[in-house]
Amino acid sequence: MRDVRITGTGQLLELQKRLRRAGHENIRQSMQRRIRRAAEPLRDDLQDSIRHLDISSQGRGAGKRGGPSPTTRPLRASIAEAIRISVRNTGNPGARIWVDKGLLPPDIPMGVLDRLNEGRLRHPVFGNKRRWAQQNATPLWWDRPIRDHQERMAREVERVIDDVIRRLD
């Protein structure tokens, strides 16, 4: 769930070898930039998807205690800011979109993302492990945008590869 890779490994590996032999650094940079541009709409949709994710709970019953959140940072915005793109031309070439756990606050474990994608988040109330709350979210906040963009990205990467091959020939 946390990692999406768009690769055409056979073509990309062969193209990588040809670029290295030819020494065309500007073509390699152009290819990397174009593949990144192909992945940016997916990253933007994933960020919008989490920012506008509807998370709800039953709320507190009458007479129950409660109070403001002990944190000031919003959960959805923190996750959206941690969504990243990387493009590689060497090793395992392709585009990768993932959630950078180093950018998440330490109190948000990576499992939260999977549970939000499933549509159900169960967590301790204000860190109290003896009291738990369940919140429901719109499922597939990660999977749906990926499914919507997968064909477009594959076509775009294929077009970029074809353009680079034409320039090398």
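Residues: numbered from 1 along the sequence shown.
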Grab the two heavy atoms, one from [X] and one from [Y], that are nearest each other, plus how far apart they are.
X    : Y    : answer
P109 : D107 : CD-O, 3.3 Å
P74  : S78  : O-OG, 2.9 Å
I97  : A39  : CD1-O, 3.7 Å
N117 : W141 : OD1-N, 3.2 Å
W132 : H123 : CE3-C, 3.2 Å
Q32  : V87  : NE2-O, 2.9 Å

Do [X] and [Y] land in one hydrophobic cluster if side-chain heavy atoms of ILVMFWY residues count as linked below 4.5 Å?
X    : Y    : value
I27  : I165 : yes
L140 : I83  : no
W98  : L103 : no

Is the closest basic N to carboxylate O distance between R34 and D163 below 4.0 Å?
->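 Salt bridge present between R34 and D163.
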
Does a side-chain N-to-carboxylate-O contact under 4.0 Å join R159 and D162?
-> no

Report yes if some heavy atom in the side chain of [X] is under 4.5 Å from a heavy atom in the side chain of [Y]; otherwise report no.
X    : Y    : result
R152 : R155 : yes
P124 : R131 : no
R167 : S30  : yes
L116 : I55  : yes
L104 : M110 : yes
V99  : W142 : yes
R115 : R120 : no
E81  : I79  : no

Between [atom1] of [X] and [atom2] of [Y], what distance do you get to the nearest 0.5 Å?
X    : Y    : atom1 : atom2 : result
R147 : L42  : CZ    : CG    : 12.5 Å
I146 : M153 : CD1   : CE    : 9.5 Å
N136 : Q134 : CG    : CD    : 5.0 Å
S49  : R76  : OG    : CZ    : 11.5 Å
L53  : D48  : CG    : CG    : 12.0 Å
L75  : R51  : CG    : CZ    : 12.5 Å

Is it true that a side-chain atom of Q47 and a backbone atom of A80 form a donor plus acceptor pair closer than 3.5 Å?
-> yes

Hey, does the side chain of E156 reach the backbone of I35 with a donor-acceptor pair shorter than 3.5 angstrom?
-> no

Determine, stepwise, if the pair R36 / E40 fulfils salt bridge (charged side-chain N to carboxylate O under 4.0 Å, His left out).
-> CA-CA 6 Å; R36 176 177 293 279; E40 284 173 353; 5.3 Å; no

Going by distance alone, is a donor N or O of one side chain under 3.5 Å from an acceptor N or O of the other, for D148 and Q150?
->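 There is no such pair between these side chains.
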
